[in-house]
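Note sheet for the following structure.
For the numbers below, each heavy atom of this structure counts, side chains included, while hydrogens, waters and symmetry mates do not. All values reported here derive from a predicted model rather than from experimental measurement. This chain uses plain numbering: 1 for the first residue, then up along the sequence.
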Amino acid sequence: MAAAAIHQFAECITCHAWSPDQSMIAFCPNNHEVHIYKFFTDKWEKLHVLSKHDQIVSGIDWSNSSNKIVTVSHDRNSYVWTQEGSDWIPTLVILKLNRAALCVQWSPKENKFAVGSGAKSVCICYYEQENNWWISKVIRKRHESSVTSLAWHPNNIYLATTSTDGKCRVFSTFIKGVDTRGSQSSTSTNSKFGEQIAQLDLSSTWVFGVRWSPSGKTLAYAGHNSMVYVIDEVESSPVAQNLTLRDLPLRDVGSFCL
């Protein structure tokens, strides 16, 4: 087993994302910039600085297939960055937020991404080629507080969210003209945009971090009470298991196999 390597990029890192091949990392050093580093032989070298935001960058996600980076910030804006030659070119995203954007994640097919915010709402963004920008549809009036994390279901339609109101919710994000109706996911594609599929009220505290299993049958999320909640059959009759940790609360949930 290779020894762990430690490299300090900055005194404080607000958020980060790895490139698809894990050779590069994009992170925010607790300011309005995004720095991109690449590993060469035995050291990390800074390649790019993305500086379009005005306030702290609070979320970054790097797509697996299209090699695009999406960033969100406390300035209520978002940009999709596309590499052209040696430069990263930003494309505007119309979020329509009146509070900070807090987190972001690409959908599995990378034709959409979701943005959680302090405005008690989630923006589902998709590309509009005619105007060369990304526009959004907003899921409103469901969350009672800030949205802290997001997780896409493998079907590219369902989206799980966690919030500081202590709840985990699952929504349909089906957008006509962007998503297609198919027999393999007929239940999800029959749901209207913004329809709440489930609301899980298992924690009495803030909740951070949520993740679907690869099969999409199981959902896990973490609470600020140092507990992890694992739920099976979310759509029909949810069955929950709780895992109590002895240490500090988790801020995210990684991949798991079920």
Side-chain heavy atoms under 4.5 angstrom apart, residues restricted to Ile, Leu, Val, Met, Phe, Trp, Tyr: same cluster for [X] and [Y]?
X	Y	value
W62	V70	no
I197	V210	yes
L92	V34	yes
V234	Y229	yes
I94	I175	yes

Under a 4.5 Å cut-off applied to non-hydrogen side-chain atoms, are [X] and [Y] in contact?
X	Y	result
S121	V147	no
V93	V80	yes
I36	I69	yes
I89	Q83	no
S146	L102	yes
V170	L159	no
I124	I139	yes
V57	E33	no

Mind checking the [atom1]-[atom2] spacing from [X] to [Y]? Nearest 0.5 Å is all I need.
X	Y	atom1	atom2	value
T244	M227	OG1	CE	3.5 Å
H35	N31	NE2	CG	5.5 Å
T91	N131	OG1	CG	12.5 Å
S78	L95	OG	CG	5.0 Å
R142	Q196	CZ	CD	5.0 Å

Are a donor atom and an acceptor atom from the side chains of [X] and [Y] found within less than 3.5 Å of each other?
X	Y	answer
S145	T164	yes
W106	N64	no
E110	S66	yes
E128	W133	yes

Taking the six-membered ring for Trp, are [X] and [Y] ring centroids under 6.0 Å apart?
X	Y	answer
F27	Y37	yes
W44	F39	yes
Y79	W134	no
H143	F171	yes

Which heavy atom of [X] sits nearest to which heavy atom of [Y], and what is that distance?
X	Y	answer
D165	E144	OD2-N, 2.9 Å
G223	S203	CA-OG, 4.3 Å
S226	D247	OG-O, 2.9 Å
S58	C15	C-SG, 3.6 Å
P108	W152	CD-CB, 3.5 Å

Taking [atom1] in [X] as the centre, count heavy atoms belonging to other residues, nucleotides or ligands within less than 6.0 Å. Is the count above 12?
X	atom1	value
E11	CD	no
Q199	CD	yes
K167	NZ	yes

request  = Assess whether ring-ring contact (aromatic ring centres under 6.0 Å, His included) is satisfied between F193 and F174, documenting all intermediate values.
outcome  = CA-CA 5 Å; F193 178 87; F174 184 87; 9.5 Å; no

[X] side chain to [Y] main-chain N or O, any donor-acceptor pair under 3.5 Å?
X	Y	value
T173	I157	yes
T205	N225	yes
R211	V253	yes
S213	T218	yes

ask   = Could you go step by step and tell me if L219 and L200 meet the side chain to side chain contact (heavy atoms under 4.5 Å, CB included) rule?
value = CA-CA 10 Å; L219 181 69; L200 306 169; 3.9 Å; yes

message = Before you tell me yes or no, could you show the steps for V178 and Y127 under side chain to side chain contact (heavy atoms under 4.5 Å, CB included), namely the whole-Å CA-CA distance, both residues' side-chain angles and the distance that decides it to 0.1 Å?
response = CA-CA 9 Å; V178 178; Y127 185 63; over 6 Å; no

request  = Kindly determine whether K217 and W212 satisfy side chain to side chain contact (heavy atoms under 4.5 Å, CB included), including the steps that lead there.
outcome  = CA-CA 8 Å; K217 294 182 179 179; W212 291 95; over 6 Å; no

message = With side chain to side chain contact (heavy atoms under 4.5 Å, CB included) as the criterion, how do C123 and F113 come out once you've worked through the C-alpha distance, each side chain's angles and the decisive distance to 0.1 Å?
response = CA-CA 8 Å; C123 301; F113 60 87; over 6 Å; no

ask   = Can you list every pair that meets side chain to side chain donor-acceptor pair (under 3.5 Å) and has a residue in residues 68-77, with sequence neighbours left out?
value =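 For residues 68-77: H53-T71, H53-D75, K68-T82, T71-W81, S73-D75.
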
request  = Applying side-chain contact (heavy atoms from CB on, under 4.5 Å), name anything that partners N98, two or more places apart in sequence or on another chain.
outcome  =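 By the side-chain contact (heavy atoms from CB on, under 4.5 Å) rule, N98 matches A119.
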
query = Does the distance from a Lys or Arg side-chain N to an Asp or Glu carboxylate O, for K112 and D179, drop under 4.0 Å?
reply =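 Judged by the 4.0 Å cut-off on N to carboxylate O distance, K112 and D179 do form a salt bridge.
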
Plane angle bin for W206 and H224 - parallel if under 30°, tilted between 30 and 60°, otherwise perpendicular =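 Ring orientation of H224 relative to W206: tilted.
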
